[in-house]
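What follows is a short report on a single structure.
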Amino acid sequence: MHGMTTYFIRRLLLIPLTFICITFMVYTVLRVVPGGPIEQAVEQIKRAQMQESGAGASATLTGDLQIPQEAMDELKKYYRLDKPIPVGYASWLFGIMTLDFGKSYIRGAPVVEVIVNRFPISIYFGLISYFATWLVCVPLGVSKAIKHKSMYDLGTSIIVFLGYSIPGFIACLVLMMLFATDALGMSIFPLGGFRSDNWEQLGFFAKVVDQLHHTIIPVIGFLIGGFAGMTILMKNSLLDNMGADYVRTAFAKGLSERRVIFIHALRNSLIPITASIGHALGLLFAGSFLIETTCNIPGMGLLGYQSVLQRDYPIIMATVVFGVIIRLTGNIISDVIWALIDPRIRFGT
Amino acid sequence: MMDTVFKILQLVAFLAVVFLLVHKIVPWIVVRAGRKLGFRMRMTPVWAKRIARFKTIRRGYYSFLIITTLFAASFFSELILNNKALAVHYNGKTSFPAVKHWVGSILFFLDIPTFEKGTDFGQAQESDVDYRFFKKCCGNPDELLTRVADKEKELKLLKKELREMGTPDEDWSESELEDYKDTQFFISSLDKEIEGIRENHRIFKEGRAWVIMPLYPYSPYEHLDVKHPPISPSLSHPFGTDDAGKDVLTILFYGFRISLLFALVVVTLGNSIGIVVGGIMGYFGGWTDIIIQRIIEIYGSMPFFYVIMIIASITKPTFLLLVVLLVLLRAWIGITNYIRGEFYREKARDYVQAAIGIGASDWKVILKHILPNSLVPVITFTPFEIVGYVAALVSLDYLGFGLPVGTPSWGVLLKQGFEYIKTYPHLIIVPFAAEAFTLFCVVMIGEAVREAFDPKVFSRLR
């Protein structure tokens, strides 16, 4: 157990370092490349000044509208971009410690508030998709392993390969095109959104139905993202175990095939699947930009996408923070779960 | 109808030629040339066995043939799908605009002009020649005469106007005089124009003009003159047009080339870096290994897709910058870990220890002994990585952070499909089908390659 403890301590110690490296990189990128909020504000001020000078087309032609230095300083201060990069980053990092992510440039609200509203929505979809993936992939993988090399195995393999070759958001697009517009004569599902506009006025039962109604298409999109990998992992893992000595022993004892597979082999082969929960979290985060944008779900992904378009630096940074934390904790959770459920595993040796 | 069938037959013939070129002629030449240069040009038994095994997995092998043939064929896109003529001749002047366009796109560092002035080819406009109209005139020169009839009607009207004005004398006002002169000018220029068209007509009639058009005479860089784009699929445009009036079929083909090329370049560069870094880590071990491992751990937990979105949104990337971003932020990491593992394992083997023992240099051991034996993961992962980066490019294009505006792209089509989801489903179905087909084939190849190179034999009792 000694090696394991040092392994996890090392992993935990690496978290702050990783966190700082990545956020510092993104912070530097945002500060260095042109086209940030200051430039945009200056553009706006220039445009406003031009309009003030009325039809003064000559002024626009010369284009020599200078922004006074004080105004520039004011702007930089407002956007918290007045200090040099290391100092600015340090003060940003210090703010993060006290959960002060700053104020959104566009929305005016504190970033924490914006994110607190969005985060549960992403979690909701993340969890449902994860369990849906389990529900689909484990039975499929198991049945494929049992009927290895049969027609059933080959046929389902084609579905698995198709799932691998279609990105989730494209699946969402196609499903919405088929079932949420009048393409097939009727629209079964809503065209995106998290809930109906009149959700608050609905009764309890109607609320649940409405929510499910809006959930199905995005969840299928998320599901496709991990579908192929999970199924194949399940199948190979079970096949590996089927060749193991303890399975041979179980057969030799005279146990039924059903009992050997479902009681002995399956339990061991579920280990890698269970441990993949952490990595799945990271994958969901990456997929959410596309699916949330496509299905118009106001979660973290859509927020991140919009803030990139709007150059809303505080929110961009906050999204990166969440992305990194989810990935890091996800990886560690995976390792911990693995170590907990499989005593054979020794990390770091 | 017959025309369409004939065109499809031509296309099939072309694909057959490309197939032979890629899978028979080029390998034959390479082997021959290699032997001439003194190489043995024979596969080691291990490789021969692997390839034979790959060929027995038919779905993978056929997918491989299909994708490689289509990919090779797509490098001739400018000669098959183009609104410029392969060859055009008019009154003693011959030009090959599509061929120039093709050479210019293959040798992208050269700047080869393809522009031909319309007036040089008997057309009214100063801008580029309308080769489709040119072709129409070749087939039916009398087409031009309908334009003459219109112009003559106009001329008659103008002449009548002039007659009604009478002849100018002293008591005409300044403006009346101006009008008169203008009308006179119009008449003379119209006369000239009609004369030009008649001359033009004569040239076409006498067969002094001919044109060879590509199989499908539209281009993804051309905004078609349609009223309200997008338009739905029709006979002349089997997949319709996008919202800028560009033909979707052509976007599909050019997009296929650019997507696969993109993924191939990213994977090749990423694998090269991964092999070098992973090799160093695995061979030298110790502190080098630990430090690089930590760096990779930090690097790998970066939400790379988001970071690329941020950088791309601000810098408006080109093809090259996007490749560099994906390679540096993602593509090298996965393969590095595998190569590191392989090097670790191989280094402990007796043959490597023997080589080190007789005093072979590090470089020689790495390049000559370990590397050839640790390439299996590189080969088995490459198809799946290609799938990943094609999807990444489609995703980035879809979000609007991809290749420069105007580049033919599946992602942009999907984005437009999203906007017109209720009215123009073809903008979703067509790129979806193309993407799914292509990546499905690549996945099949990957599965077969994995099976052939790294076969898993599962033992079962029952």
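Quick note: numbers below take in every heavy atom, side chains included, and nothing from hydrogens, waters or symmetry partners. Note on naming: letters A, B, ... go to the chains in the order of the sequence lines (proteins, then strands), and numbering restarts at 1 for each one. Keep in mind that what you see is a predicted model, and the values were worked out from it rather than measured.
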Between atom [atom1] of [X] and atom [atom2] of [Y], what is the distance when rounded to the nearest 0.5 Å?
| X | Y | atom1 | atom2 | value |
| --- | --- | --- | --- | --- |
| B:S301 | A:I326 | OG | CD1 | 13.0 Å |
| A:F289 | B:L399 | CZ | CG | 9.0 Å |
| A:L173 | B:I421 | CG | CD1 | 5.5 Å |
| A:L309 | B:S313 | CG | OG | 7.0 Å |
| B:E447 | A:S157 | CD | OG | 7.0 Å |

Within the structure provided, determine whether [X] and [Y] are in side-chain contact (heavy-atom separation under 4.5 Å).
| X | Y | answer |
| --- | --- | --- |
| B:R294 | A:R10 | yes |
| B:V394 | A:F169 | yes |
| B:E297 | A:L17 | no |
| B:F440 | A:I158 | yes |
| A:V320 | B:I310 | yes |
| A:P167 | B:E435 | yes |
| A:M177 | B:I429 | yes |

Self-check item: Greatest number of heavy atom pairs closer than 4.5 Å to chain B - which of A:D240, A:T23, A:I232
Solution: A:D240
Exercise. Indicate whether the side chain of A:T294 and that of B:Y398 have a donor and an acceptor atom separated by less than 3.5 Å.
Key: yes
Exercise. Begin from the C-alpha positions of A:L30 and B:I314 and carry the test side chain to side chain contact (heavy atoms under 4.5 Å, CB included) through to its verdict.
Key: CA-CA 9 Å; A:L30 289 181; B:I314 303 173; 4.2 Å; yes
Atom group of [X] that falls short of 4.5 Å from chain B, counting heavy atoms:
| X | answer |
| --- | --- |
| A:I22 | side chain |
| A:M25 | side chain |
| A:I166 | both |
| A:T181 | side chain |
| A:V26 | side chain |
| A:V308 | both |

Quiz item: For A:G304, does its backbone N or O pair with a side-chain atom of B:Y306 as donor and acceptor, under 3.5 Å?
Solution: yes
Quiz item: Has the side chain of A:Y164 got a donor or acceptor atom that lies under 3.5 Å from a matching backbone atom of B:V443?
Solution: no
Quiz item: Between B:F401 and chain A, which part of the residue has a heavy atom less than 4.5 Å away: side chain, backbone, both or neither?
Solution: side chain
Quiz prompt | B:S395 portion near chain A, given a 4.5 angstrom heavy-atom threshold | solution = both
Exercise. Please determine, among B:I428, B:L439, B:V307, B:I298, the option with the most heavy-atom pairs under 4.5 Å with chain A.
Key: B:I298
Using a cut-off of 6.0 Å, state whether more than 12 heavy atoms not belonging to [X] lie near its atom [atom1].
| X | atom1 | value |
| --- | --- | --- |
| A:Y246 | OH | yes |
| B:L320 | CG | no |
| A:F19 | CZ | yes |
| B:F262 | CZ | yes |

Quiz item: Shortest non-hydrogen contact from A:T293 to B:F418?
Solution: O-CZ, 3.8 Å
